[in-house]
Peer 1: 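Shown below is the structure under consideration.
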Amino acid sequence: MLEARNITKSWQNKAGSPNLVLDHCNLKLKQGQSLGLMGTSGSGKSTLARILLGLASPDIGKIFFDGQPLNSFNRKNWLHFRRRVQFISQSPECFWEPRFTVGKSLEEVIKIHSLCRKDEWTIFIDKYLYWVKIRRQLLSRYPHQLSGGELQRLSICRSLLLEPQILILDEPVSMLDVSVQAQIMQLLRKLKTEKDMTYLFISHDRTILQWFCDETLNLRQGKLFVSE
Amino acid sequence: MKDIQITSDFCVDHLCVAFPNSMKSANVLSDINVVFRHGIAAAVIGESGCGKSVLVLALLGLLPKYASVHGHIFYNSFDVLSVPFAIIQSNLSKHWGIIPQSPSDALNPIRKIKKQFDDIGKNASRGNFSVEELCDSLTSLGLSDIERILQSYPHELSGGMLQRILFAMAVCCEPEWVFADEPTKGLDEQSRQQVSHNLLHLKTKKTQSMILITHDLPLTEEICEVVVVMYAGEIMEITNSVYTNGLHPYTRALIAALPINGFNPIPDGPVKNGSSRQCRFAPHCAYASKQCKHSHPNLYSVDDMHKVRCFLYA
């Protein structure tokens, strides 16, 4: 489905010399798989996620989605890719338009991707709100009026509107307290079994990855290793 | 709390805090009674929105003016809630060191680190720090190349370095109390261990009086002698260990929600501060009886150090 081949990326440090973050990394996400990606802060986990999403380009190497390289995508391909591969971040508050109510932000997704007719928006959104256990009344609030857990569940809801095949989760529960963490992890597991979702789960917490993932890769000094 | 002694303990007496909003007043803390003893490291735990940060803001006299506050917080000879803020600043705040949650947001981005240490010294009326003093303090926290660090701006240093600088800033005026707000939130295992090590270092070498606000239950076990468990604006349990001595059904639900125990979520998730005529955890409690739904439990003593707000232990 989604494959990274020979990805190398370096950033310039303050002195102007290149700092190698990813060194010839290879990764393959198969349908229904939950792949964990572990590493310390600054090891390049989020950089690899951004490259997989086509939000940053590698110095060397290519990303393939269903066999087609991302760098050959036209506008239509990108729209299809964005529907199929969704991203959940560590800080949900940064990924919501602060001037819109969360309801309006959800409607934006439906509009951009023409998911249904305008008179069906409410029923369409309600179906996914049920999955993440969020009350419709919350949709009239602004992002700053919601808790971190509510916003994270709404982020998952926004992704689900597009019925994606792959969710790339970058530390989705590291900023949440234990009880909300448990709710989100149970929700993700339910989606995995009931919707056959494919996950790339980025975390620095070995216990979470062991509980959730089929296989875990460890990113150390720019290289990927299979974790024991 | 009839006999209030002049001590460096924080005695919280019938504290209630509410924030008025457009519709009605939202009760954030309800009848909090607890003593944080000098020389003891205590943790305040509970889910987001349970009122733990508001409790610590109240201890520091930092509640916003629009908050509706009842009750007392005694510290030395002062009632923190009734003395003017200028007196807190001049007489009390020098006894308190604060380690904030986010190192990158807590420092002034346009002042060098040394200048920021000097600002703290001036506020505490002790003047500028010498480089040697700061070298000792920062080296003991595992930093090297101190002179370069002191002449750097915050953006030139890593998150781990900034965290340790904030630890040093919190204790540079030798406070009686240290408050740490979620010191391990969002950190990887290596950084978390470093923070835990630094807190232990503070506790053994600098000050033993500490209040940690945290979601990190293993950290409370490593550092603290007392754990205060809060839920929906109330203290549910005061114990020495949530793992070995946690009795309240909510404390046990928190332990069950940990990754190591299989992420068992608390049923229906957190509730907002509810009715005072019933146990606030009753709607989610597996042990709730009729009594829990019709009357409100007190904080019952199990032993000298252990109190539980549950009819099971009445």
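Each chain gets a letter, A, B and so on, in the order the sequences are listed, and its residues count up from 1.
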Peer 1: Please report the shortest heavy-atom distance between A/Gln186 and B/Phe263, naming the atom on each side.
Peer 2: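 That closest heavy-atom pairing would be NE2-O, 2.5 Å.
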
Peer 1: Under 4.5 Å from any heavy atom of chain B, what part of A/Gln181 do you find: side chain, backbone, both or neither?
Peer 2: both

Peer 1: Quick one: closest heavy-atom pair of A/Ser179 and B/Ala257, and the distance?
Peer 2: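 Here A/Ser179 and B/Ala257 meet closest at CA-CB, 4.2 Å.
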
Peer 1: For B/Tyr287, is the OH atom crowded, meaning more than 12 foreign heavy atoms sit under 6.0 Å from it?
Peer 2: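 Not buried by this count: 12 neighbours or fewer within 6.0 Å.
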
Peer 1: Can you tell me if A/Gln221 has over 12 outside heavy atoms packed within less than 6.0 Å of its CD?
Peer 2: no

Peer 1: So, taking the atom named CG in A/Asp205 and the one named CZ in B/Arg192, what distance separates them when rounded to the nearest 0.5 Å?
Peer 2: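 Between A/Asp205 CG and B/Arg192 CZ, I get 10.0 Å after rounding to 0.5 Å.
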
Peer 1: Are there over 12 heavy-atom neighbours, none belonging to A/Lys30, within less than 6.0 Å of that residue's NZ?
Peer 2: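 Not more than 12 within 6.0 Å, no.
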
Peer 1: Do B/Ile260 and A/Trp211 have side chains that approach each other closer than 4.5 Å (heavy atoms only, starting at C-beta)?
Peer 2: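 They are not in side-chain contact.
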
Peer 1: Give a yes or no on this: more than 12 heavy atoms of other residues, nucleotides or ligands lie within 6.0 Å of atom OH of A/Tyr130.
Peer 2: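 Open: at most 12 neighbouring heavy atoms sit under 6.0 Å from OH of A/Tyr130.
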
Peer 1: From B/Leu258 CG over to A/Ile208 CD1, what is the distance, rounded to the nearest 0.5 angstrom?
Peer 2: 10.5 Å

Peer 1: Atom CD of residue position B/Glu222 - does it have more than 12 heavy atoms of other residues, nucleotides or ligands inside 6.0 Å?
Peer 2: yes

Peer 1: Heavy atoms only: give me the nearest A/His204-B/Glu189 pair and the separation to one decimal.
Peer 2: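 Between these two residues, the closest heavy atoms are ND1-N, 4.3 Å.
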
Peer 1: Look at atom CD1 of B/Ile110 and say whether more than 12 heavy atoms of other residues, nucleotides or ligands are closer to it than 6.0 Å.
Peer 2: no

